[in-house]
Amino acid sequence: MNHRPLDFTQTSIFPLLEAEARKALSRHLREWKEEDRTLVSDRFLFDFSTTHLTGALAGYFAEALEELDFDRRRHAMFVGEPVNVTENRPALHTAWRMDPSDYLVPLPSEVVEYVIRMRDQVKRLSDRFRSGEWKGATGKPLRRIVNIGIGGSHLGPEAVIRALENENSFPVTFLSNVDGRHTADVLSAIDPETTLFVVVSKSFGTLETLTNAHTTIEFLKNKLGHSGLERHVVAVTAAPGRIAEAGIPASHVLPLSEWTGGRFSLWSVAGISIPLALGFETFDRLLEGAREADKEFYYTPSAFNIAVVWAMVHLLYRHFGGASTEAYVPYRQRLALIKDHFQQLFMESLGKSVRLDGTLADYPVGSVIWGGPGTNAQHSFFQFLHQAPEVVPVYFLGTVKDDHPYPHHDKLLIANLLAQREALAYGKPQTGAFDYFPGNRPSVTLLFDRLDAYHLGYLLALAEHKVFTESVFWGINPFDQPGVELGKILAKRIARQLEEVSAKEENKILKFVRKNLKD
Ligand code: F6P
C-alpha cells in the first residue's frame, strides 16, 4: 500500500515544487510587471500579480494537494466527518450557512434540523428585540446589547458589527477582558433597564467570561432587584448544564453544537449579537456571501481557487522565503477589526508544531499575523515594510466604494492602497545611499466593490477555507487549541496562591503583587 504523505514536503512533487519556488524567488517582481495574475468573481477581485507565485508553481502546489488527498478531505469536512481528529469532532461551521433548499453536500438530518431550528429561534429573538417588544424587568423595551465573551465568542461578531453597523443598528458593547476597569467602564456606560446581556461561552468554563457574567448579574440585582433578571440575559453555550452553577438565569439558553469551533462560530448562535444589532436580514446576507464562498471553494480547481491560491502564497513565503510574519492591512477604517479576527483564526488554528500523526514538524508552520488599517499604517509601520531587511508579505483588503457623502475621499484611499502595493513590489532606482527602495516585496490585494454583508461573509468564509487548505499542506489539525489549556490551569492556581495570607517560597514578582494587592 503506497505510503500517503502527511505534509507537502513528503509529496513526490516536492523537489520540483521547491526548485520552482527557489527559481521564482530569485527573480524580481518587476519581471512580471506586465503580467496580470488575478482571480475575479463578479464583484470580488483577488490579485496576486505582485507575488512570486508563478503558474508553474501554482501547478506544483496543486499537485501536492492531490497527493495529500485534498478533495476527499475537503469533502469530509463539508459532510461532517470527524476532521477535528484530536477532539474526534466534525468541524461543520459551513452547515450554519447552508441553504436547506439547495444543499452543497448531503448533511446529517439532525444537523440540518438543529441549524434550521436555531436560525428560527435567533430570528424570533432578534425580531422581538428590534421591534421593542422585548421588555426588561421595569417594563422598558431593551435597546442595547452587551456581548460577554472572549476569543471566538467576541472577535468575529465584533469585527462584523463594526464593519456593517449603520443608523438602523442597535448599539453593542463587547465585554471580554477580565480587567475590572474594562468591566466597570462597560457597566457604567449602559442603562441596565434597557440592556440585553448576551453571555457567549461554548465551554462555559472560561474564567474571564464567567467572572464578567457573575459580576454583571450582581450589578443587575443591585440595580433592578431580583425579579425579571431573566428578561435581560441570553446565554449561548455547548454546556447548558453549567448555566445554573454560574448563577445565570436560564431564561434564554441557545444550545451551541460541539461541532462548531469557537473561532469559526460567528455564523452560528454564538454570533447572535450580529442579528440583534444589525437585523436578521443583514445576518442572512452575511450567510449568503459565505455560502457562495463555500460553493466556490468546494468546486473550483486548485490553481483557480481563491482560498487555495491564498494558502499557496502563504506557504511560498513562509517555507521558501523565510517570512515568519504576515501583515493584514484593511484600507477601510471599519474593517480594522478584521485583523484581530484573522489573528485568532489563523494563529490559533495554525500555531502548532505537532502533526496529525503525533510527530513534531521539522519545517515552519503558521505565521505571526499583525497589521492595521490603511492609510494609518503608512504613518506607523510602512517604513519597516519598505526598507527593513526583513520582507513581510502584505495582504491589502479594500472596497472600492462605501456608503457615505464623500466619494472623493475614497479615490484617495484606494489610490494610496494601489501606490503602496506598487512601491513595495517594484521599488525605484536608487539615486543616493538612503534613497533605498529595493521593491520585490510581495503583496496580495483582496478587493470588493462595496462594503456590504454579502461580500464580508464571502471574505471571512474564504479565510476559513484558506486555513483549512494550509492545514492540509502542513499535516496539522486546525480545529483544536490545546496550547491554551496550560495557561488556564496555571492562572487558577496562581489566583488561589494570591488569595493565601502568605506563601512559603515565592518569587519577587509574586511578593510584589501580593504586597500591592493588599495596600
Ligand atoms: O482561546 C481559547 C478559546 O477556547 C478559543 O478557542 C475560544 O474562542 C475562547 O477560548 C472562548 O472559549 P468559550 O467560548 O468556551 O468561552
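Remember, it's 1-based here, ligands and their atoms both numbered in the order they're listed. Position 1 is the first residue of the sequence, and the numbers go up from there. Just so it is clear, the model here is predicted, and its values are computed rather than measured.
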Would you say the side-chain atoms of [X] and [Y] include a donor-acceptor pair closer than 3.5 Å?
X	Y	answer
D294	T94	no
S349	R263	yes
H455	D452	yes
T260	S257	yes

- Looking only at protein heavy atoms, identify the closest one to atom 10 (O) of ligand 1 and say how far it is in Å. K488 NZ, 4.4 Å
- atom 12 (O) of ligand 1 has as its nearest protein heavy atom T206 OG1, 3.5 Å
- Item | Cationic tip of K123 above F283 ring, under 6.0 Å, 45° of axis | no
- Task: Just do the ring-ring contact (aromatic ring centres under 6.0 Å, His included) check on H341 and Y328 with the steps written out, would you?
- Result: CA-CA 11 Å; H341 169 57; Y328 276 78; over 10 Å; no
With atoms numbered from 1 as shown, which atoms in ligand 1 lie under 4.0 angstrom from a non-hydrogen atom of [X]?
X	result
V484	1 (O), 2 (C)
Q481	6 (O)
Q344	5 (C), 6 (O), 8 (O)

- Note on the structure: Out of L256, D480, I150, the nearest non-hydrogen contact to atom 11 (C) of ligand 1 is supplied by I150
- Heavy atoms only: which of R263, H154, E208, E348 is nearest to atom 3 (C) of ligand 1? E348
- Task: Using distance alone, decide if ligand 1 has a nitrogen or oxygen within less than 3.5 Å of any nitrogen or oxygen in S153.
- Result: yes
- Task: State whether the shortest distance between N or O atoms of G152 and N or O atoms of ligand 1 falls below 3.5 angstrom.
- Result: yes
- Exactly one candidate in F78, F264, Y458 meets ring-ring contact (aromatic ring centres under 6.0 Å, His included) with H465; the answer is F78
